[in-house]
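Notes to accompany the following structure.
A, B, ... follow the sequence lines: proteins, then strands. Residue 1 opens every chain.
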There are 2 protein chains.
Amino acid sequence: MNSLNEENYLKALLNLSLADGEVNVKDLSKHLNIKMPSVTSMMKKMAEKGWVHYESYKPLRLTEQGKKEAALIIRKHRLTEMFLVEKMGFRWDEVHDIAEQIEHVKAPEFFAKMDELLEFPKFDPHGSPIPDKNGTLVWATWVKLSECEPGDEVKIVAVTKSSEEFLKFLNSREIALGLEMTIISIEPFDKSMVVRYKNHEAETLSATVCERLLVSK
Amino acid sequence: MNSLNEENYLKALLNLSLADGEVNVKDLSKHLNIKMPSVTSMMKKMAEKGWVHYESYKPLRLTEQGKKEAALIIRKHRLTEMFLVEKMGFRWDEVHDIAEQIEHVKAPEFFAKMDELLEFPKFDPHGSPIPDKNGTLVWATWVKLSECEPGDEVKIVAVTKSSEEFLKFLNSREIALGLEMTIISIEPFDKSMVVRYKNHEAETLSATVCERLLVSK
DNA sequence: GTAAATAGTTAGACTAGACTAACAATTATT
DNA sequence: AATAATTGTTAGTCTAGTCTAACTATTTAC
């Protein structure tokens, strides 16, 4: 049985390794808001348990087992987010913190029921894929908005690193999943984009924003 | 902020004090499956925090503050049980353990939403009252089935000390909340009751069972 | 009203998981 | 290549909460 604590480490490890490839102690420490020595000692413990490969001074890597465990927690998190939005009427920017807590609930039948009531969703409210029951997680081959060209017509399919503030920003610009937009121009100086969609004739999106929006063409 | 641990102690204290009047260390120890010395030391800690009145060798009593805190946790538990049954399709005998975990979730908006979706229920699926937002808990003036007389026509309104096994037993006898039954006789020897309801012409209920069923006449 | 049984407490050890301070390895900079 | 900056580790401390063993108070039984 893994403790709440270990679960948080696992999840952070998977999230960070998805985003940046490898994970180092510093990042994990920052992400979890736990000092580095504590992280090191937890990594040793988790290495014993077979969740991570740990070697002094080397980057951290999850084992296959660890990846699976982590994905199953992320599955619970994302199913919960979807349930909160679809069945309870929360907005997409409200659900993260609640799901953060519910994801640690141990009752499999609870999540199975959510899954069923939601008719086995493949994505959460932010467009992130929900790992399957075996802990398999596949990202669709979407591209970042920042990688697109002027003239491209794209559809928003997912949001990465979705903090509450970021989602509220998107709300304020009426940007949501499924929205189609046309790229008008890219400012070479700061890589910000001017885009057109719905009744927004020329909205400017910073590079930071464009980095975090995934689209399909 | 109270820890998960403290929350469990609080809840146990309230539950035991409702059932038996006063709470002693032994009972609490048994109920929580924690050895007596650990309970003693936790009681001292909780006394410092102002949740319990603690004096060596005296029975334990919750303070008003403690009662309120405990009732608010029980509120979360019972709202959750109701939600699981009414909105997610679980049976009344399946929900206790799940609710036991969800009750520790910190997000007030989550429980507020449940409350709203359930249209502000007053009772949980076992007929126990749901404390209000201020932590006020009132038991209706129902009587135990065991206190009724032959000839009485009663309606089951609540189940106390509802373990999963007990609820499954009730299911197997088709006994549910709202059921009306007539008391045919009481066996003086073991206080078991013979009752009639629906298509059950003469069902025998042990004293243990009758103790745990609350009815209105 | 004394002895036995039960309930409660104290003392001290243990674990998980955090922290700080000090040191060591690695990487970056000139 | 030498030094500085960054990253990671070790050692040791702390807190919450558990436990066992030994002792004490209270209650029950004769």
Side-chain angles (χ1 to χ4, degrees), chain A residues 1-13 15-17 19-63 66 69-70 73 100-101 103-104 106, chain B residues 1-13 15-17 19-63 66 69-70 73 100-101 103-104 106:
Chain A
M1 190 84 300
N2 32 7
S3 74
L4 189 150
N5 229 298
E6 292 169 332
E7 292 199 351
N8 284 332
Y9 275 94
L10 279 173
K11 202 171 53 125
L13 279 163
N15 279 326
L16 290 176
S17 63
D20 310 356
E22 287 186 322
V23 188
N24 53 35
V25 177
K26 187 88 186 295
D27 294 344
L28 192 50
S29 162
K30 234 181 195 163
H31 190 87
L32 289 169
N33 219 342
I34 285 171
K35 295 292 184 294
M36 287 174 50
S38 311
V39 171
T40 298
S41 77
M42 189 53 123
M43 285 309 99
K44 288 179 177 173
K45 189 183 147 198
M46 288 175 67
E48 300 254 300
K49 282 209 165 189
W51 310 129
V52 292
H53 296 292
Y54 174 78
E55 278 180 274
S56 285
Y57 298 101
K58 295 264 175 69
L60 303 166
R61 288 177 304 118
L62 283 168
T63 61
E69 292 292 326
I73 299 160
E100 196 85 351
Q101 295 186 58
E103 73 194 9
H104 300 294
K106 298 298 178 200
Chain B
M1 189 84 300
N2 31 9
S3 71
L4 189 151
N5 229 299
E6 290 169 335
E7 291 199 355
N8 284 332
Y9 275 94
L10 279 172
K11 203 172 52 125
L13 278 163
N15 278 326
L16 289 175
S17 65
D20 310 357
E22 287 185 323
V23 188
N24 53 36
V25 176
K26 186 88 188 294
D27 293 345
L28 193 50
S29 162
K30 235 182 194 162
H31 190 85
L32 290 169
N33 218 343
I34 285 172
K35 294 291 185 295
M36 287 174 50
S38 310
V39 171
T40 298
S41 75
M42 187 54 120
M43 287 307 100
K44 287 179 177 172
K45 188 183 145 196
M46 288 176 68
E48 299 255 299
K49 284 210 166 188
W51 310 130
V52 292
H53 296 292
Y54 173 79
E55 281 179 273
S56 285
Y57 298 101
K58 296 264 174 71
L60 304 166
R61 288 176 305 117
L62 282 168
T63 60
E69 293 291 327
I73 300 161
E100 195 84 354
Q101 296 187 57
E103 74 194 9
H104 300 294
K106 298 299 179 199

Whole angstrom is fine here: how far is it from [atom1] in [X] over to [atom2] in [N]?
X: E48(B); N: dA16(D); atom1: CD; atom2: C1'; result: 14 Å
X: L4(B); N: dT15(D); atom1: CG; atom2: C1'; result: 17 Å
X: Y54(B); N: dT9(C); atom1: OH; atom2: C1'; result: 7 Å
X: K26(A); N: dA5(D); atom1: NZ; atom2: C1'; result: 11 Å
X: L60(A); N: dG8(D); atom1: CG; atom2: C1'; result: 10 Å
X: E55(B); N: dT26(D); atom1: CD; atom2: P; result: 12 Å

Identify the pairs formed between an N or O of the protein and an N or O of nucleotides 23-29 of chain C at a distance under 3.5 Å, and give each distance.
unit_1  : atom_1 : unit_2 : atom_2 : d
dA25(C) : O4'    : Y57(A) : OH     : 3.3

Sorted by number, the residues of residues 5-13 of chain B with heavy-atom contact under 4.0 Å to DNA chain D: N5(B), Y9(B)
Under 4.0 Å, heavy atom to any atom of DNA chain D: which of residues 31-43 of chain B qualify? I34(B), K35(B), P37(B), S38(B), S41(B), M42(B)
From [X] atom [atom1] to [Y] atom [atom2], the distance as rounded to the nearest 0.5 Å:
X: S56(A); Y: K44(A); atom1: OG; atom2: NZ; answer: 6.0 Å
X: L28(A); Y: S17(A); atom1: CG; atom2: OG; answer: 10.0 Å
X: L4(B); Y: L4(A); atom1: CG; atom2: CG; answer: 8.5 Å

Taking the side chain as every heavy atom from C-beta outward, state whether [X] and [Y] have any pair of such atoms under 4.5 Å apart.
X: E48(A); Y: Y54(A); result: no
X: E69(A); Y: L62(A); result: no
X: M42(B); Y: E6(B); result: yes
X: L60(A); Y: V52(A); result: no

Applying salt bridge (charged side-chain N to carboxylate O under 4.0 Å, His left out), name anything that partners E100(B), two or more places apart in sequence or on another chain. K11(B)
Are more than 12 heavy atoms, taken from residues, nucleotides or ligands other than K106(A), located less than 6.0 Å from that residue's NZ atom? yes
N8(B) and E103(B): side-chain contact (heavy atoms from CB on, under 4.5 Å), yes or no, with the steps? CA-CA 10 Å; N8(B) 284 332; E103(B) 74 194 9; 4.1 Å; yes
Could you list the donor-acceptor pairs under 3.5 angstrom formed between side-chain atoms of residues 29-40 of chain A and any protein atom two or more places apart in sequence or on another chain?
unit_1 : atom_1 : unit_2 : atom_2 : d
S29(A) : OG     : I34(A) : O      : 2.6
T40(A) : OG1    : M36(A) : O      : 3.3

Interface polar pairs with nucleotides 12-14 of chain C, N/O, under 3.5 angstrom:
none

Can a donor-acceptor pair be found, under 3.5 Å and without considering hydrogens, that links the side chain of T63(A) to the backbone of W51(A)? yes
Audit row: M46(A), L10(A), side-chain contact (heavy atoms from CB on, under 4.5 Å) steps and yes/no: CA-CA 9 Å; M46(A) 288 175 67; L10(A) 279 173; 3.7 Å; yes
Please classify the nucleic acid contact of K44(A) as base, sugar-phosphate, or nothing, using heavy-atom distances under 4.0 Å. sugar-phosphate
